Structures are given as structure tokens and as C-alpha cells.
*Asks:* 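Quick one: the structure is below, and I'll ask about it shortly.
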Amino acid sequence: MKKITVIGLGYVGLPLAVEFGKKQSVVGFDINQARVNELLSGKDSTLEVSPEELIEASLLKFSSSIEDIKDSNVYIVTVPTPIDESNAPDLTPLRKASSMLAKVIKPNDIVIYESTVYPGATEDVCIPIIEKESGLKFNVDFFAGYSPERINPGDKVNTLTKIKKITSGSTPEIAKIVDDLYRSIIVAGTHSASSIKVAEAAKVIENTQRDLNIAIINEFAKIFNILGIDTQEVLDAAGTKWNFLPFKPGLVGGHCISVDPYYLTYKAKDVGYQPEVILAGRRINDGMGQYTATQLVKAVSKRKIHIDEAKVLVLGFTFKGDCPDVRNTKIVDMIKELQSFNMNVDVYDHWADPQEVRYEYNIDLINELKDGTYDAIILAVDHSDYKDWGEAKIRKLGKENHVLYDVKYVLPYGQSDLRL
């Protein structure tokens, strides 16, 4: 039986390590000692894995020491793949992980990458680093696979084992080994792609397609707002047709949907093709934070509320509901735009880690809500708590004359003053 190391213990790596750890020896490796200590204490701040599941994974050990992974023969890399300020792929975490692997890899070992990349990145960027720094030859001394992650943070229904897994390998023999490895834990089964590049491409278009679908609905919403038509009512009516796709307007954040399209367009430009539709969708979705802020400012002005120094409460900061993940949240774009109008913005989100929000975005979350305080309230994230509160409790937070903006359709139609 293969001894596995999972490198990176975030939203993707931890659930994977836990599932393997229920059946065989696994080392969960992360360079962040604080994260390792947290997991050793039986807690997961991402809330992807319960304390009970951590106990159930009795064959899983956590470490930040490279010495503890030297005797593994399968290394699964699940590090982040972000974009930089110019929306170009930032492969720094992948490069560093590959460089570290070069120090421990041995003949006949297999490296499997799960991080989302553009087609060709595994073999053109990662593998050469391992070859150069280890002195081993690819597909002679060591081998590779690619199996893109499909984790949906916060989703307790579509969990890791219930989502079909794409697998691939650098040779037919390795492809089968990789497929068998994942098939041992994935109840939903696997799909063996013909090559690493096909698997990479499949992953990157999954989120690009979703991004474009949301972009067209966002554009519909902009048009319907001008026409004075409620977008959700239009979508409900259109949704009575069997093949109408049930997407909703909103802010598109997170580590996948708002990032992955840029990996594909980067590679497209690199080979001489200028993408049009994909980037058009990105422009629409990237601009929704500013758009929602502008819509609120207009609504406040119509209520004869003084915009300068108006107090605004933003309910929710994570990139999606009932999830602590604040990576690439687009709520921050809305906040910055509101502040540009000299509005005073308070942000409340009990799901988010205040220290992480302060470190990543220089925003201090408030931890207490006071009634009768705000000129405007924005329901920015559809946390279940806000749905349970209902209109009356939320409106009590506002002054007698205030605007309630429901960006995420938390409340039934007619209970807010403004909807996206």
C-alpha cells in the first residue's frame, strides 16, 4: 500500500487527508505550524472537517517537518494558486512546493497535483523544478499525476467523496495507479482523463463556465434595474422552461470562480489567442462590487439621507453563505466604493475570523449590533442566521429613515427597499 503525504491542509487538502487517513497511513503536511497545532488539538477553523472526523481518521498524522514526509511514495499537492494584482497566475506556492518535493522525492515516487492551473502548467512548470533540483528524470525515475480538486467550501451535501473525481497520470500505468488511489475513497467514482493536460483543462473550464453564466445574469440584473423590473421575478418566470439554467446575480468571489478564468485566458494569450467572451464576463463580475455600492448610494440619496458620513452596516463578509472562507471576497470592493463616498461602514460577520480579515483586508469587524444606528443596511451574504432574523429584526438596526438593500435575496420579495 502506498504511503501518502498531502501537502497543504486548507479547504482542499484537509478533507482529502482525512478521507485517506480513515483507511491508510497518511501525513498531512503544512508549512504553517499554527495550522498544524490547531489540527493536532482536534479543531478545524475552516469548518470543513468535524472534530469527530479528525478522530475517525486514526491513520492521519500532521506535521510541518520535512523529515516526516521523506518515507512517503505518493505526494499530493493542494496548495493555493492565486492571481497577482494584474490578474496573472501566481504560481509561487506551486513552485515552492515542487522545490520542497525535490528534496524528498525518490525513485518510483509519484507526485499528484490538485491545484487549479492552466493546461500544461504541471509538466511545463512544476515537473522541471523537481527534475532540476532532485537530479531525477521524469517518467524514468519519478512520475506525476493530476487530479483537480472539486471542493465546494461550506457544502455539507456535496462533500469530497460524493463528487466524481477526474484523474490522470504521466503514463498509462501511472494513470491507473492514480485512478485506483482516488477510487479507494471517492464513492461517486472517478473519470480517468487521457492526459494531464486534459484534466487541467477540464478543471479550469468548469469554473469559467459558471463565471460566465453568473455574468450574464448580472448583466440582466443591471438592465432590469433600469427598466424597473424585479430580477428574481423574471428569473422565476423564465425558470419555468425546462432548460433554463437557475443562476442568480451576485458578487463572484472566492478562490475558484473569480480566479480560474484568468488562468485560462493567460494561457490563451500565451499561445496567441485573444479571448473575448471569458474576459467580458470577468469584467462584469469584477465590477459588481462597485455597482452594488453605487445602487445603494442612489437609493440613500432618493430617501433624502445625507450621503456624506452616512452610517452603513454590511451584514456578511465571507465570499459565500454559512462558510468562514474570506479568500478573494468581493464584499471588500463594495466597502471601498462606499467609503469613497465618505460613508462610515461597519462590517459584521460572525462566520469570519476577525484576525484574518484584519490581516488580509485591513478591516475590523464589529462584534456587536445596536438597534436604531444605521442609515443603510446591506444584506451582502446569505448566511442562514440572517434568513432566520427576518425583516423586522434586521430593520430594527436601522434609523427610522433607512434603506435596506438585499444583495443576496435573503428576504422574500417586497421586504427590502432594494434588490440586486
Side-chain angles (χ1 to χ4, degrees), residues 3-22 25-70 72 74-82 90-101 103-104 111-116 149-156 159-160 185 253-256 259 317-320 322-329 349-363 365:
K3 183 171 183 183
I4 302 168
T5 287
V6 176
I7 297 172
L9 296 174
Y11 286 86
V12 175
L14 180 62
L16 186 67
V18 165
E19 288 304 323
F20 277 124
K22 293 175 183 178
S25 177
V26 182
V27 177
F29 177 89
D30 200 293
I31 59 173
N32 184 347
Q33 184 62 51
R35 173 63 168 163
V36 170
N37 291 342
E38 170 188 282
L39 295 171
L40 287 171
S41 72
K43 299 177 182 178
D44 169 30
S45 59
T46 70
L47 305 182
E48 291 299 304
V49 174
S50 68
E52 292 75 21
E53 286 177 298
L54 285 173
I55 293 172
E56 188 181 351
S58 58
L59 299 176
L60 170 61
K61 300 185 184 302
F62 298 110
S63 178
S64 61
S65 171
I66 195 172
E67 294 299 319
D68 292 334
I69 67 174
K70 286 185 173 180
S72 295
V74 174
Y75 298 93
I76 304 178
V77 180
T78 66
V79 298
T81 45
D90 180 3
L91 299 179
T92 303
L94 268 183
R95 293 177 189 274
K96 288 183 177 179
S98 299
S99 183
M100 183 190 73
L101 283 173
K103 297 178 174 64
V104 298
V111 180
I112 304 170
Y113 289 90
E114 288 213 1
S115 308
T116 304
E149 59 88 4
R150 281 176 163 173
I151 292 291
N152 186 25
D155 191 336
K156 301 307 179 185
T159 52
L160 172 67
I185 63 167
H255 188 64
C256 293
V259 172
F317 190 77
T318 61
F319 90 89
K320 64 183 295 187
D322 296 345
C323 175
D325 195 347
V326 298
R327 292 176 299 173
N328 204 30
T329 176
D349 194 330
H350 71 285
W351 280 89
D353 181 348
Q355 291 183 329
E356 183 180 4
V357 173
R358 184 183 300 113
Y359 177 78
E360 294 292 341
Y361 301 100
N362 197 29
I363 291 174
L365 301 179

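Note that the coordinates shown come from a computational prediction; the quantities given were computed from them, not determined experimentally. Along the sequence shown, residues carry numbers from 1.
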*Asks:* Looking only at non-hydrogen atoms, find the nearest pair between Y75 and K70 and report the distance.
*Replies:*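 Nearest heavy atoms, Y75 then K70: OH-O, 3.7 Å.
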*Asks:* Is there a side-chain contact between F20 and L60 in this structure, where contact means two heavy atoms from C-beta onward sitting under 4.5 Å apart?
*Replies:*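 F20 does not reach L60 side chain to side chain.
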*Asks:* If you measure from NZ on K61 to CD1 on I69, what distance do you get to the nearest 0.5 Å?
*Replies:*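 Going from the NZ atom of K61 to the CD1 atom of I69 covers 15.5 Å.
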*Asks:* Would you compute the distance between atom OG of S65 and atom CD of Q33 and round it to the nearest 0.5 angstrom?
*Replies:* 9.0 Å
*Asks:* Could you report the tightest heavy-atom contact between T81 and S115, atom names first, then the distance?
*Replies:*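 Nearest heavy atoms, T81 then S115: CG2-CB, 3.5 Å.
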*Asks:* Answer yes or no: does atom CD1 of I31 have more than 12 heavy-atom neighbours from other residues, nucleotides or ligands under 6.0 Å?
*Replies:*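 No, not enclosed.
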*Asks:* Look up atom CG in D322 and atom CG in D155, then write down how far apart they are to the nearest 0.5 Å.
*Replies:* 11.0 Å
*Asks:* Which residues pass the ring-ring contact (aromatic ring centres under 6.0 Å, His included) test with F62, sequence neighbours left out?
*Replies:*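 None.
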*Asks:* Any idea which heavy atoms bring F317 and I363 closest together, and the distance?
*Replies:* CE1-CD1, 3.8 Å
*Asks:* Which pair of non-hydrogen atoms, one from T318 and one from A352, has the smallest distance, and what is that distance?
*Replies:*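 Taking T318 first and A352 second, the nearest heavy atoms are CG2-CB, 4.0 Å.
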*Asks:* Less than 4.5 Å apart, side chain to side chain, heavy atoms only: is that true for L9 and D44?
*Replies:*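 No. Closest side-chain heavy atoms not under 4.5 Å.
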*Asks:* Above 12 or not: heavy atoms from other molecules or residues under 6.0 Å from NZ of K22?
*Replies:*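 Yes, the 6.0 Å shell around NZ holds more than 12 heavy atoms from other groups.
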*Asks:* Hey, could you give me the CD/CD distance between Q355 and E360, rounded to the nearest 0.5 Å?
*Replies:* 12.5 Å
*Asks:* Hey, could you give me the SG/CD distance between C256 and E149, rounded to the nearest 0.5 Å?
*Replies:*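 It comes to 4.5 Å.
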*Asks:* Is there side-chain contact between V26 and L59, with at least one heavy-atom pair below 4.5 Å?
*Replies:*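 No, their side chains stay 4.5 Å or more apart.
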*Asks:* Before you tell me yes or no, could you show the steps for S45 and E38 under side-chain hydrogen bond (donor to acceptor under 3.5 Å, both in side chains), namely the whole-Å CA-CA distance, both residues' side-chain angles and the distance that decides it to 0.1 Å?
*Replies:* CA-CA 8 Å; S45 59; E38 170 188 282; 3.2 Å; yes
*Asks:* Do the side chains of R327 and P153 get nearer than 4.5 Å, heavy atoms only?
*Replies:*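 The answer is yes, as the side chains (C-beta and beyond) meet within the 4.5 Å cut-off.
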*Asks:* In Å, rounded to the nearest 0.5 Å, how long is the span from CD1 of I7 to CG of L101?
*Replies:*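 Rounded to the nearest 0.5 Å, the CD1-CG separation comes to 4.0 Å.
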